[in-house]
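Step one of this worksheet: look at the structure below.
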Protein chains: 2
Amino acid sequence: MDTQHYLQAAERLCAANGGKLTELRRQVLELVLGYPGVVKAYQVLADLQRDRGAAAPPTVYRALDYLAQYGMLHRVDALNGYIVCHHFECSHQALILACEQCGGVEELDADATFQSLSQTTARAGFVPRAQSLVLTGSCKHCQP
Amino acid sequence: MDTQHYLQAAERLCAANGGKLTELRRQVLELVLGYPGVVKAYQVLADLQRDRGAAAPPTVYRALDYLAQYGMLHRVDALNGYIVCHHFECSHQALILACEQCGGVEELDADATFQSLSQTTARAGFVPRAQSLVLTGSCKHCQP
DNA sequence: CAGGTAATGTTATACAGTAACATCCGCGAT
DNA sequence: ATCGCGGATGTTACTGTATAACATTACCTG
Ligand SMILES: [Zn+2]
Ligand SMILES: [Zn+2]
Ligand SMILES: [Zn+2]
Ligand SMILES: [Zn+2]
């Protein structure tokens, strides 16, 4: 899916949730798309400042939060960063592998794992918030 | 396992790794033990300052890092916090459920899940760093 | 146009984590 | 005993991450 189609799909997703892919949000989404892996909020902030002059932290955090809320981005807690989700249209349960060395990201289907997970948490009466699961480690190119 | 036995086991674990459960580390470990769920570094710092006078961030982060490195604590990235591990003696693969509402924590055995996980990541040539997996969500007492 | 709602701008501050260097302490070798 | 070493802690100062609170703007609707 190229960038144009991706952004159109993002627009549809926003509309389906009663919102809009505003200029700012589109700009932030494009910036994150421009990175191969994990991006940090303050990196996006710096890019924004370069591209459009003034910008402050709340501006970028609000856009990132919105995009993550509806699944266009995933937050990677372990790295204080964000990654683009390329599968938000097919409602998926994604297993995300984020490499700590190179910042690269891979997103897998892992239905069996999630099924096993949800059985286990249900037994404890626990409802996980995130529908995606992020593991950090070393990718195949960065093995020690 | 009561606190006394727990601390003795922690001492053994440190010794087995060529280190020591120093006074500071023991004090930090006891402080974290005193909380029912997730504790944040700056909370421990405040407690330390109350108990022993001066203390600065590096003091508490060094102790927390050490304790987490050998498994006495687990770090919970999603909450910028730490929890006590009550099973560090049996080398375990723990699934940790952290409630975002009440801060409560539950640690389960989830061998089936981890087996499924490791098969999936191995297929991608990916080696996860953490041997424990933390999910955030709502515990059975805090369902919406 | 008036009034409401969502989005963005702005300022200031809170919270989290680390670098760099100084000091201290326990222990083995001379 | 004391010198020197390495691990642990103290101290200062800083960088990075995130949010509160309030002002302003854009846009839709009646
Ligand atoms: Zn995804
Ligand atoms: Zn890598
Ligand atoms: Zn554990
Ligand atoms: Zn709860």
Side-chain angles (χ1 to χ4, degrees), chain A residues 10-11 13-29 31-32 38-49 51-70 72-83 98 100 103 134 136, chain B residues 10-11 13-29 31-32 38-49 51-70 72-83 98 100 103 134 136:
Chain A
E11 270 182 43
L13 179 59
C14 293
N17 287 287
K20 280 185 301 193
L21 186 66
T22 63
E23 181 59 23
L24 173 66
R25 289 167 184 165
R26 195 185 54 73
Q27 203 171 353
V28 167
L29 186 51
L31 286 169
V32 181
V38 177
V39 199
K40 304 195 147 206
Y42 273 65
Q43 181 60 58
V44 176
L45 178 58
D47 294 349
L48 261 190
Q49 288 169 337
D51 290 356
R52 56 147 55 189
T59 299
V60 64
Y61 276 105
R62 282 193 285 236
L64 290 170
D65 287 350
Y66 181 88
L67 296 169
Q69 177 182 357
Y70 295 115
M72 287 159 279
L73 302 181
H74 295 297
R75 173 160 171 86
V76 185
D77 286 316
L79 305 175
N80 294 327
Y82 300 82
I83 59 175
E100 292 176 304
V134 182
T136 57
Chain B
E11 271 182 44
L13 179 59
C14 292
N17 287 289
K20 280 187 298 192
L21 185 65
T22 62
E23 180 60 23
L24 172 67
R25 289 167 185 164
R26 195 184 54 73
Q27 202 171 354
V28 167
L29 186 51
L31 285 170
V32 181
V38 178
V39 198
K40 304 192 150 208
Y42 273 65
Q43 181 61 59
V44 175
L45 177 58
D47 293 350
L48 261 189
Q49 289 169 337
D51 289 357
R52 56 145 57 190
T59 299
V60 64
Y61 276 105
R62 283 193 284 235
L64 290 170
D65 287 349
Y66 181 88
L67 295 169
Q69 177 181 356
Y70 294 115
M72 286 159 279
L73 303 181
H74 295 298
R75 172 160 173 87
V76 185
D77 286 318
L79 306 175
N80 295 328
Y82 299 82
I83 60 176
E100 292 175 304
V134 182
T136 56

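Proteins get letters first, then strands, A, B, ... in listed order; numbering begins at 1 in each.
Note: A/Asn80 CG to B/Asn80 CG = 6.5 Å, rounded to the nearest 0.5 Å. Taking CD of A/Glu11 as the reference point, atom OG1 of A/Thr22 lies at 10.5 Å (rounded to 0.5 Å). Expressed to the nearest 0.5 Å, how far CG of A/Leu13 lies from CE of A/Met72 amounts to 4.5 Å. One finds the OH atom of A/Tyr66 at 6.5 Å from the CG atom of A/Asn17 (value rounded to the nearest 0.5 Å).
Residues A/Asp51 and A/Leu31 meet the side-chain proximity criterion, which asks for heavy atoms closer than 4.5 Å. Side chains of A/Leu48 and A/Leu24 form a contact here, defined as non-hydrogen atoms less than 4.5 Å apart. Under the 4.5 Å side-chain criterion, counting only non-hydrogen atoms from C-beta, A/Ile83 is in contact with A/Val76.
For B/Thr59, no side-chain nitrogen or oxygen approaches OP1 or OP2 of D/dT9 to under 4.0 Å. Phosphate contact (OP1/OP2 of C/dG9, side-chain N/O of A/Arg52, threshold under 4.0 Å): present. In this model, the phosphate group of C/dT8 is approached by a side-chain N or O of A/Thr22 to a distance below 4.0 Å at OP1 or OP2.
The nearest pair of heavy atoms linking A/Gly81 to A/Val38 is CA-CG1, 3.8 Å.
Nucleotide C/dA16 holds its C1' atom 13 Å from the CG atom of B/Asp77, rounded to whole Å. The distance from atom CG of B/Asp65 to atom P of C/dA16 is 15 Å, rounded to the nearest whole Å. Counting to the nearest Å, the C1' atom of C/dG9 and the CG atom of A/Leu48 are 13 Å from each other. Residue B/Leu24 contributes atom CG, which lies 14 Å from atom P of C/dC25 at whole-angstrom precision. For the pair A/Leu64 CG and C/dT8 C1', the computed distance is 15 Å after rounding to whole Å. Between the CD atom of B/Gln49 and the P atom of D/dG10 there is a distance of 12 Å, rounded to whole Å. Atom OH of B/Tyr66 is separated from atom P of D/dT9 by 9 Å (rounded to the nearest Å). For the pair A/Leu45 CG and C/dT8 P, the computed distance is 15 Å after rounding to whole Å.
For B/Arg62, taking side-chain heavy atoms from C-beta onward, the closest of the listed nucleotides D/dT11, C/dA7, C/dT10 is D/dT11.
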Quick one: which protein N/O atoms are closer than 3.5 Å to N/O atoms of nucleotides 13-17 of chain D? Pair and distance per line, please.
residue : atom : partner : partner atom : Å
D/dT17  : OP1  : A/Lys40 : NZ           : 2.8

Could you go through nucleotides 23-30 of chain D and list every protein N or O atom that sits under 3.5 Å from one of its N or O atoms, giving the distance for each pair?
none

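Two residues, B/Ala55 and B/Arg25, neighbour DNA chain D, and the one matched to the more 5' nucleotide by heavy-atom proximity is B/Arg25.
With no hydrogens or angles considered, no side-chain donor-acceptor pair links B/Gln69 and B/Asp65 at under 3.5 Å.
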